[in-house]
Amino acid sequence: MFNSLTGIITGKFPKQVFIDTNGVEWDLCVPDSNLDMLPPVGSEARIFTWLQHTDQLMSLYGFASADERSLFLDLLKVDGVGPKGAVKIMSSVSSGRLMEVLENGDLEMLEKIPGVGKKTAGKMILTLKGKLKLSENSGSSVVRVTAAGPYQDVVTSLASMGYDKKLVEQKVAQLAESLTNDSSFTGKSQKEREDILFRRAIVELA
C-alpha cells in the first residue's frame, strides 16, 4: 500500500520517527540502527515503509533504505519473529554485522542479541543463512556494509585520499560497530563522531 514517505522529519526518538508530508504527520516505528542514517529533525527525508494491518491494530514501520526494509522483511520469515521483534533485533545490532553473523551461522553470537534466545537463533540461521537479499553492488561479499551509512562523508574523504573505497567502507563500518556501545563516541555530535572515525580509520588503513 505504501512504498515510502517523503517529507520533513519533525521528531526522532528511540524506535520512533515523526515525518510531516504536506500537513499530515506520520508516526513510524523505526529501528534504532536506522535513526542515525536519517537526517536531523527539520530536514527532508525519504523513509521506506511497511504497513502492518490487522483486525486489532494498524502500525507503520519505517526504514532508512530499501535494503534495511528488505532485511526487516527477511526477519519476519523466521517463525516466532514478529514486526516488533524484528525492530528490536535491528535496533541492537547493525545490519551489516547481523548479516555477517547469520551467514557465518554464529549461533553463540546471535543468542547475545536482546530478544533472541537459543531457539530463535537456531530458527534464524535455518531460515536465513544463504538466503539473504544483498545489494547489487555488494560483489562477492556476503555482508552489506550498511553500518557506514551515516558516515559516508568519512568514506568519501578517505577514498579521495587514494584508499580503496570498498576497503574503506568495510573499515568504517567495523569501527562504527565497535563503538556502538561506547558512550564517549555515541554521546558526541555527528561531526565529532565523523572526526573520530576518520582518525581511527587512517591509522588502521596506513
Side-chain angles (χ1 to χ4, degrees), residues 1-78 80-99 113-116 133 135 144-156 172-173 176-177 179-197:
M1 185 176 181
F2 297 105
N3 179 56
S4 67
L5 295 172
T6 299
I8 304 298
I9 293 181
T10 53
K12 292 175 71 175
F13 312 94
K15 297 184 180 64
Q16 185 181 43
V17 165
F18 295 159
I19 183 170
D20 184 284
T21 58
N22 298 317
V24 178
E25 188 175 45
W26 302 81
D27 180 354
L28 293 83
C29 180
V30 177
D32 288 340
S33 60
N34 280 222
L35 290 176
D36 281 342
M37 299 180 192
L38 295 170
V41 172
S43 302
E44 184 177 62
R46 181 185 184 189
I47 301 180
F48 291 83
T49 59
W50 180 79
L51 177 67
Q52 179 187 27
H53 189 189
T54 69
D55 292 338
Q56 287 75 37
L57 58 84
M58 184 182 292
S59 299
L60 195 59
Y61 292 78
F63 307 90
S65 70
D67 277 342
E68 292 290 320
R69 179 177 60 186
S70 291
L71 179 57
F72 169 82
L73 294 175
D74 283 333
L75 288 172
L76 295 185
K77 297 175 184 177
V78 179
V81 176
K84 292 292 186 182
V87 167
K88 185 174 182 179
I89 291 170
M90 292 179 68
S91 293
S92 303
V93 62
S94 70
S95 299
R97 178 57 176 158
L98 177 59
M99 293 181 75
I113 299 175
V116 178
K133 295 181 178 67
S135 299
R144 278 183 310 160
V145 188
T146 54
Y151 307 108
Q152 284 304 318
D153 287 345
V154 177
V155 172
T156 300
V172 171
E177 170 67 17
L179 293 168
T180 299
N181 297 316
D182 187 341
S183 59
S184 65
F185 175 75
T186 57
K188 302 288 187 181
S189 67
Q190 176 72 12
K191 182 62 171 62
E192 290 172 325
R193 293 198 298 269
E194 289 176 351
D195 289 342
I196 292 172
L197 287 176

**Student:** Give, for atom CD of Glu68 and atom CG of Leu73, the distance between the pair rounded to the nearest 0.5 Å.
**Tutor:**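 Going from CD on Glu68 over to CG on Leu73, the span is 11.5 Å.
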**Student:** Is the closest side-chain heavy-atom distance between Tyr61 and Pro83 below 4.5 Å?
**Tutor:**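 Heavy-atom side-chain distance check passes, below 4.5 Å.
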**Student:** Between Arg46 and Asn3, is there a side-chain heavy-atom distance shorter than 4.5 Å?
**Tutor:**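 Yes, at least one pair of side-chain atoms sits under 4.5 Å.
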**Student:** Closest heavy-atom contact between Phe48 and Ala66?
**Tutor:**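 Looking at all heavy atoms of both residues, the shortest contact is CD1-N, 3.6 Å.
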**Student:** Counting only N and O atoms by type, is there a donor-acceptor contact under 3.5 Å from the side chain of Ser33 to the main-chain atoms of Met90?
**Tutor:**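 Between the backbone of Met90 and the side chain of Ser33 there is a qualifying donor-acceptor contact (under 3.5 Å).
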**Student:** Do Leu71 and Phe63 have side chains that get closer than 4.5 Å, going by heavy atoms?
**Tutor:**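 No, their side chains stay 4.5 Å or more apart.
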**Student:** With a 3.5 Å distance limit and no angle check, can you tell me whether Asp32 reaches the backbone of Pro14 through a side-chain donor-acceptor pair?
**Tutor:**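 Answer holds: no.
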**Student:** Got a second to check how far Gln52's CD is from Lys84's NZ, nearest 0.5 Å?
**Tutor:**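 These two atoms lie 8.0 Å from each other.
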**Student:** Shortest non-hydrogen contact from Ile9 to Ala45?
**Tutor:**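 Closest heavy-atom pair between Ile9 and Ala45: CD1-CB, 3.7 Å.
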**Student:** Is the side chain of Arg69 donor-acceptor paired with the backbone N or O of Thr49 at a distance under 3.5 Å, no angle test?
**Tutor:**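 Such a contact is found between Arg69 side chain and Thr49 backbone.
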**Student:** Is Lys188 reaching over with its side chain to a backbone N or O of Ile196, donor-acceptor style, under 3.5 angstrom?
**Tutor:**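 Answer holds: no.
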**Student:** Within this structure, what is the CH2-OG distance for the pair Trp50 and Ser70, rounded to the nearest 0.5 Å?
**Tutor:**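 Reported value, rounded in 0.5 Å steps: 13.5 Å.
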**Student:** Can a donor-acceptor pair be found, under 3.5 Å and without considering hydrogens, that links the side chain of Glu192 to the backbone of Ser189?
**Tutor:**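 A pair under 3.5 Å: yes.
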**Student:** Find the distance between NZ (Lys15) and OG (Ser91) and round it off to the nearest 0.5 Å.
**Tutor:**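 Rounded to the nearest 0.5 Å, the NZ-OG separation comes out at 4.0 Å.
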**Student:** Could you tell me if the side chain of Lys88 sits less than 4.5 Å from the side chain of Ile113, heavy atoms only?
**Tutor:**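 Result no, sub-4.5 Å side-chain heavy-atom pair not found.
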**Student:** Please examine the side chains of Asp36 and Arg193, heavy atoms only from C-beta on, and report whether any two atoms are closer than 4.5 Å.
**Tutor:**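 Result yes, sub-4.5 Å side-chain heavy-atom pair found.
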**Student:** Quick one, Asn34 with Ile47, criterion side chain to side chain contact (heavy atoms under 4.5 Å, CB included). Give me CA distance, side-chain angles, the key distance, then yes/no.
**Tutor:** CA-CA 10 Å; Asn34 280 222; Ile47 301 180; over 6 Å; no
**Student:** Supply the atom-to-atom distance Ile19 CD1 to Ser43 OG, rounded to the nearest 0.5 angstrom.
**Tutor:**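 Here the rounded value is 10.5 Å.
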**Student:** Nearest 0.5 Å, please: how far is OG1 in Thr156 from CG in Asp153?
**Tutor:**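 These two atoms lie 6.0 Å from each other.
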